[in-house]
Amino acid sequence: MTIVYILAAILMFGVLIALHELGHFLAAKACGVQVNEFSIGMGPALFKRQRGETQYSLRILPVGGYCAMEGEDEDSENPRAITRQSYWKQFIIFVAGSLSNFLTGFLILLILYSGAEAFYVPTVAGVAPEFTAAEEETMQAGDQLWAINGERIYVSGDVALIMRVNAGKEKLAVTVLRDGEKVSLTGIPLQTCTGQDGKPYEGYGFFYGNEAVPATALGKVKIAWYNTVDFVRTVRISLQMLARGDAGLKDMSGPVGIVSTITQVGQASESARDALDNILFFTALIAVNLAVMNLLPLPALDGGRVLFLTVDAIAMALFKKRIPEKYENAINYGGLVVLLGFMLIVTLHDVSRLFG
């Protein structure tokens, strides 16, 4: 069965990249930019068809793809070249790929939740006798956990994640939802508390669990949206941990690591249907990750192109001069080399973990 999951991973990457490029393609067409070729896959072409100004290609390598726009990689006097368009048209085209991946993740989750009968909501299960807060209010069993230290609680798994992120902090601020109203509790101290088993522990004196609520049509849309936004927040927290040194190379995964994870997810599932659902959920996570990572303001990524576009617009407004394209190209090529080198290091690390 391992080969099945490897093929599923390859298909996942191929589809997500194709949808990313489709986002660029549709935005370019909508903005009047000439698209010379739209390709699914890389390498030698298996199929080509010219329709109007655009060549549509299917290529032999299922991972990759591109949307080749006029003026993207060379100077062009064509008024429909991308470089001849306004700031906002170029901005829309550059971010459209990530938007496509984001919406893909949302739609996958919406499909997965369409048959749900109930959802779990994170709630307060009780408080320790030592629980205190700056306000006279206290938590009550059944309160819905809304936010912890300013981080919104979207889904039930968020509570454990946010508590780990805030582990060891002297005080917490928690917002709960009670009878439809938000109640804020601040200054909750880290102290020795009595656990639910009667034993002392270091914590904040409240216990949490999950309460099942019926899944309405609107509730299914909301939970799919919350999960999608939660994926974005997870990427942001991960990047913050990398910046602080709380996470490193050992915590990162490249394509090999993702294939390994999909295999583990599939093999741990009790049935083929469960395996499909779990892999689709993981695909939604990867789709949103791709959306966010592509918008980082780094060379060779869509976010880097948006950054150069913005800097160029500011230079034009202030100095009536554009940044020479050769500088942007040099930085992008340099960034691409660094990015590929980094991916190689992560991939080699994945391989060493897999066979080590």
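Every value quoted in this text rests on a predicted model; they were computed, and no experiment measured them.
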Do Thr283 and Ile108 pass the side chain to side chain contact (heavy atoms under 4.5 Å, CB included) test, and can you show the C-alpha distance, the side-chain angles, and the key distance before you say yes or no?
CA-CA 8 Å; Thr283 300; Ile108 291 173; 3.9 Å; yes
Consider only side-chain heavy atoms of I, L, V, M, F, W and Y, link residues closer than 4.5 Å, and tell whether [X] and [Y] are in one cluster.
X      : Y      : result
Val95  : Trp88  : yes
Ile17  : Phe94  : no
Val221 : Phe231 : yes
Val15  : Leu99  : no
Ile40  : Leu16  : no

Report the residues that fulfil side chain to side chain donor-acceptor pair (under 3.5 Å) with Tyr87, sequence neighbours left out, ordered by chain and then residue number.
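Listed in chain order: Thr310.
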Run the side chain to side chain donor-acceptor pair (under 3.5 Å) test against Arg59 and tell me which residues pass, sequence neighbours left out.
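Glu37, Ser39, Tyr66.
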Taking atom [atom1] of [X] and atom [atom2] of [Y], what is their separation to the nearest 0.5 Å?
X      : Y      : atom1 : atom2 : value
Ser100 : Leu107 : OG    : CG    : 9.5 Å
Ile314 : Leu309 : CD1   : CG    : 10.0 Å
Leu190 : Lys171 : CG    : NZ    : 11.5 Å
Lys222 : Asn227 : NZ    : CG    : 13.5 Å
Leu7   : Ile3   : CG    : CD1   : 4.5 Å
Thr138 : Asp143 : OG1   : CG    : 8.5 Å

Return the set of residues passing ring-ring contact (aromatic ring centres under 6.0 Å, His included) with [X] (not counting sequence neighbours), or none when no residue passes.
X      : result
Phe119 : Tyr113
Phe308 : none
Tyr226 : Tyr154

Side chains of [X] and [Y]: does their closest heavy-atom pair fall under 4.5 Å?
X      : Y      : value
Leu172 : Met163 : yes
Tyr204 : Val174 : no
Ile153 : Tyr208 : no
Phe281 : Leu285 : no
Met69  : Ile93  : yes
Val124 : Leu145 : yes
Glu170 : Pro189 : no
Ile237 : Ile162 : yes

For the pair Phe206 and Phe131, name the ring-plane relationship: parallel under 30°, tilted 30 to 60°, perpendicular over 60°.
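Taking Phe131 first and then Phe206, their aromatic rings stand perpendicular (interplane angle over 60°).
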So does [Y] get a backbone contact from the side chain of [X], meaning a donor-acceptor N/O pair under 3.5 Å?
X      : Y      : result
Asn289 : Val235 : no
Ser238 : Thr234 : yes
Gln85  : Ala81  : yes
Asp158 : Val155 : yes
His20  : Asn101 : no
Thr175 : Ala147 : no

Would you please test Arg236 and Arg233 for side chain to side chain contact (heavy atoms under 4.5 Å, CB included) and show each step?
CA-CA 5 Å; Arg236 189 254 297 168; Arg233 195 249 305 277; 3.4 Å; yes
Through direct or indirect side-chain contacts below 4.5 angstrom among Ile, Leu, Val, Met, Phe, Trp and Tyr, which residues connect to Phe207?
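Tyr201, all in the cluster of Phe207.
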Would you mind listing the cluster partners of Trp146? Hydrophobic ones only (ILVMFWY), side-chain contacts under 4.5 Å, chaining allowed.
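Besides Trp146, the hydrophobic cluster comprises Leu177, listed by chain and residue number.
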Would you mind listing every salt bridge (charged side-chain N to carboxylate O under 4.0 Å, His left out) that reaches into [range], with sequence neighbours excluded?
range            : result
residues 3-32    : Lys29-Glu53
residues 193-209 : none
residues 82-109  : Glu77-Arg84
residues 294-317 : Glu72-Arg305, Asp312-Arg322

For [X] and [Y], work out which heavy atoms get closest and say how close.
X      : Y      : answer
Leu290 : Ser98  : O-OG, 4.4 Å
Ile223 : Lys220 : CG2-O, 3.3 Å
Ala125 : Gly209 : CB-N, 4.2 Å

Taking it one step at a time, do Val183 and Gln140 satisfy side chain to side chain contact (heavy atoms under 4.5 Å, CB included)?
CA-CA 11 Å; Val183 178; Gln140 298 178 12; over 6 Å; no
Set out, in order, the CA-CA distance, both residues' side-chain angles and the distance that settles side chain to side chain contact (heavy atoms under 4.5 Å, CB included) for Leu296 and Leu239, then state yes or no.
CA-CA 11 Å; Leu296 293 179; Leu239 291 174; 3.9 Å; yes
Going by side chain to side chain donor-acceptor pair (under 3.5 Å), name the pairs with one or both residues in residues 121-130, residues two or more places apart or in two chains.
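Pairs touching residues 121-130 that pass the test: Glu130-Thr194.
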Residue Gln50 excluded, over 12 heavy atoms near CD under 6.0 Å
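Yes, the 6.0 Å shell around CD holds more than 12 heavy atoms from other groups.
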